[in-house]
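Structure record follows, encoded as structure tokens.
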There are 2 protein chains.
Amino acid sequence: MPPNKPATPDPARTLSLLWRHSLSPSRTRGPRPSLTVDRVVEAAITLADEQGLDAVTVRSVAEAVGASPMSVYTYVPGGKTELIELMIDVVYLRADRPAWGELGWRERVLSVANQNRALHAAHPWLIHASTSRPPLGPGVITKYEYELSAFDGLGLSDVEVDAALTFVLGFVQANARSAAEAAALPEATAMTDAAWWEAQAELLGRVVDPTKFPRATRIGEAAGTAQGGAYQAEAAYRFGMDRVLDGLDQLVERKKKA
Amino acid sequence: MPPNKPATPDPARTLSLLWRHSLSPSRTRGPRPSLTVDRVVEAAITLADEQGLDAVTVRSVAEAVGASPMSVYTYVPGGKTELIELMIDVVYLRADRPAWGELGWRERVLSVANQNRALHAAHPWLIHASTSRPPLGPGVITKYEYELSAFDGLGLSDVEVDAALTFVLGFVQANARSAAEAAALPEATAMTDAAWWEAQAELLGRVVDPTKFPRATRIGEAAGTAQGGAYQAEAAYRFGMDRVLDGLDQLVERKKKA
DNA sequence: GACGTACACTGTACAATGTACGTAGTTGAT
DNA sequence: ATCAACTACGTACATTGTACAGTGTACGTC
């Protein structure tokens, strides 16, 4: 991981790009662009979906759109950092956002969580695409607006609604992270999940005294061996969402009384 | 981010290294080692604490211990991947783990969360040191054992205890991630947090229609502008932990009745 | 119709990184 | 004295993001 330079950052330019506003007034001079920002971003997303975020390099994206590496910078001046922000905003914008209809707040919040879970399942690279701050593009804003609306009419303050949403999304992301790691493991080690845990358990047994770690050995073995990684993430999601909704319920009920 | 090769992986060797067991029977032959695994790992941790995970390179670690880059591989054959696993295990092992005394379960679980929060505050690089699987060394196991014990006597099943702990730690990590991002922002942009949000808001105002995103503009502005990033993470932590504990409470109460 | 300006495009080059490989030196056991 | 096992390290390479300079193109202006 070289700390490869993040090109020249320019928040204003990035923002314009996110909203697809060209900021230069004149634009008809010179050769007509052979590509678009969207085609570049699209290619990058496809690469990331199919081969992971590591497969998204300036060179691979350029090849995918049939241009030379440096041409990418014509459409995405901010380089790779900006490209990833654009990718995130596009997949956010594209997500499904059904109307709430007659759903109660628990179902609405569960739906928000499920949609985010689905998003991470469809684009596992989102987890690894850490940005220091969310790119404030149409996708991010639209998603934010929609998700905030799930808490309408509960009597929560603005700050509370924001905190509640952060709380829910934080859980979903933590769970998605576990799921992504579990999914990546077999590929990395070329072993099935169960086989890996078994091998580790066998090795661990030689090195660690079970009587010193009674809970860890018992529970860890049960959690690790018995269940596959994927199933475990699924169970953790269900368990966690029950806790999340119950936790929010207390707040909502308290607010109702006041 | 080059997908730099992860050296030759060998789970058995890594496990021995984590527990500091030398697996070769003979060891007196040849020149006496001038370093130890621990000195290398220590130097890496110091680098990461002071300058971030990106500052931990094989070359910088080598320089810190006064050796040549390739010598690092003598002590950590698995290369950088293994080094990071060793770093994680060491800081885990070193963490404080006070006895529970007479504390009730809510206080115990809150304490677990607080300790993890403190750990991430002291070592922000932990958040970025994503491993496909936790290194099963003494630090990880000791920490796991201790944290599991916080749920003793609540009548939860093994699987439930594991799920509950995962839930709590997942929240703390998500919060720590936000905090780390907020803390990294000012350095990256060379602006104060408030100034950055203000600049962004000003730019956004030109590009986005507030009437289309009423909640997002109102709540986002309130959440972003009014509070600094650090304060916001603090508030999110308190809010979240209340929800986490309330959510677990429902489970515990239900179990008590049965 | 000539022309110049703003733009698209690209080749080359560089610094940083993880690490494979081969070589040289060291030391205790035999 | 010999040697095998071990430490130490210099060199080399592939991969990455991207700065920079040069080349060509097409529209607006005259």
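Per chain, numbering begins at 1; letters A, B, ... match sequence-line order. Remember, it's a predicted structure, so these values are computed and weren't measured experimentally.
Taking atom CD1 on B:Ile84 and atom C1' on C:dT17, their separation rounds to 13 Å, with Å as the unit. Regarding B:Glu63, its CD atom lies at a distance of 13 Å from the P atom of D:dC9, rounded to whole Å. Regarding B:Asp10, its CG atom lies at a distance of 17 Å from the C1' atom of C:dA20, rounded to whole Å. In this structure, CG of A:Leu35 is placed 11 Å from P of C:dA8, rounded to the nearest angstrom. Rounded to whole Å, atom C1' of C:dG18 lies 14 Å from atom CG of B:Asp54. C:dC9 atom P lies 11 Å from atom CZ of A:Arg39, rounded to whole Å. In this structure, B:Tyr75 places its OH atom 10 Å from C1' of D:dC6, rounding to the nearest Å.
Comparing C:dG18, C:dG11, D:dA4 by their nearest atom to the side chain of B:Arg29 picks out D:dA4. Side-chain atoms of B:Pro33 lie closest to D:dT7 of the nucleotides D:dT7, D:dG24, C:dT17. Ranking D:dG17, D:dT7, C:dC7 by closeness to the A:Pro31 side chain, first place goes to C:dC7. The listed nucleotides are C:dT19, C:dG28, C:dC9; the one nearest the side chain of A:Ser34 is C:dC9. Side-chain proximity of B:Arg59 to the nucleotides D:dG10, D:dA12, D:dG17 is greatest for D:dA12. Looking at the side chain of A:Ser71, the nearest of the listed nucleotides C:dC9, D:dA12, C:dA8 is C:dC9.
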Check your understanding: Do B:Glu42 and B:Arg94 pass the salt bridge (charged side-chain N to carboxylate O under 4.0 Å, His left out) test, and can you show the C-alpha distance, the side-chain angles, and the key distance before you say yes or no?
Key -> CA-CA 12 Å; B:Glu42 208 55 50; B:Arg94 217 174 260 163; 2.8 Å; yes

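With respect to A:Arg97 and A:Glu145, no salt bridge is recorded, no charged nitrogen being found less than 4.0 Å from a carboxylate O. Under the 4.0 Å criterion applied to side-chain N and carboxylate O atoms, A:Glu147 and A:Lys143 are assigned as salt-bridge partners.
Aromatic ring centroids of B:Trp19 and B:His21 lie 6.0 Å or more apart.
Of the two residues contacting DNA chain D, namely A:Tyr73 and B:Met70, the nearest-nucleotide position lying further toward the 5' end is that of B:Met70. Positionally, the nearest nucleotide of DNA chain C for B:Pro77 lies more toward the 5' end than for the other of B:Arg32 and B:Pro77. Sequence order on DNA chain C of the closest nucleotides to B:Val58 and B:Gly30 puts B:Val58 first from the 5' end.
Contact annotation: B:Thr74 side-chain N/O to D:dT7 OP1/OP2 distance is not under 4.0 Å.
No option in A:Thr81, A:Leu15, A:Leu18 other than A:Leu18 meets the side-chain contact (heavy atoms from CB on, under 4.5 Å) test with A:Pro135.
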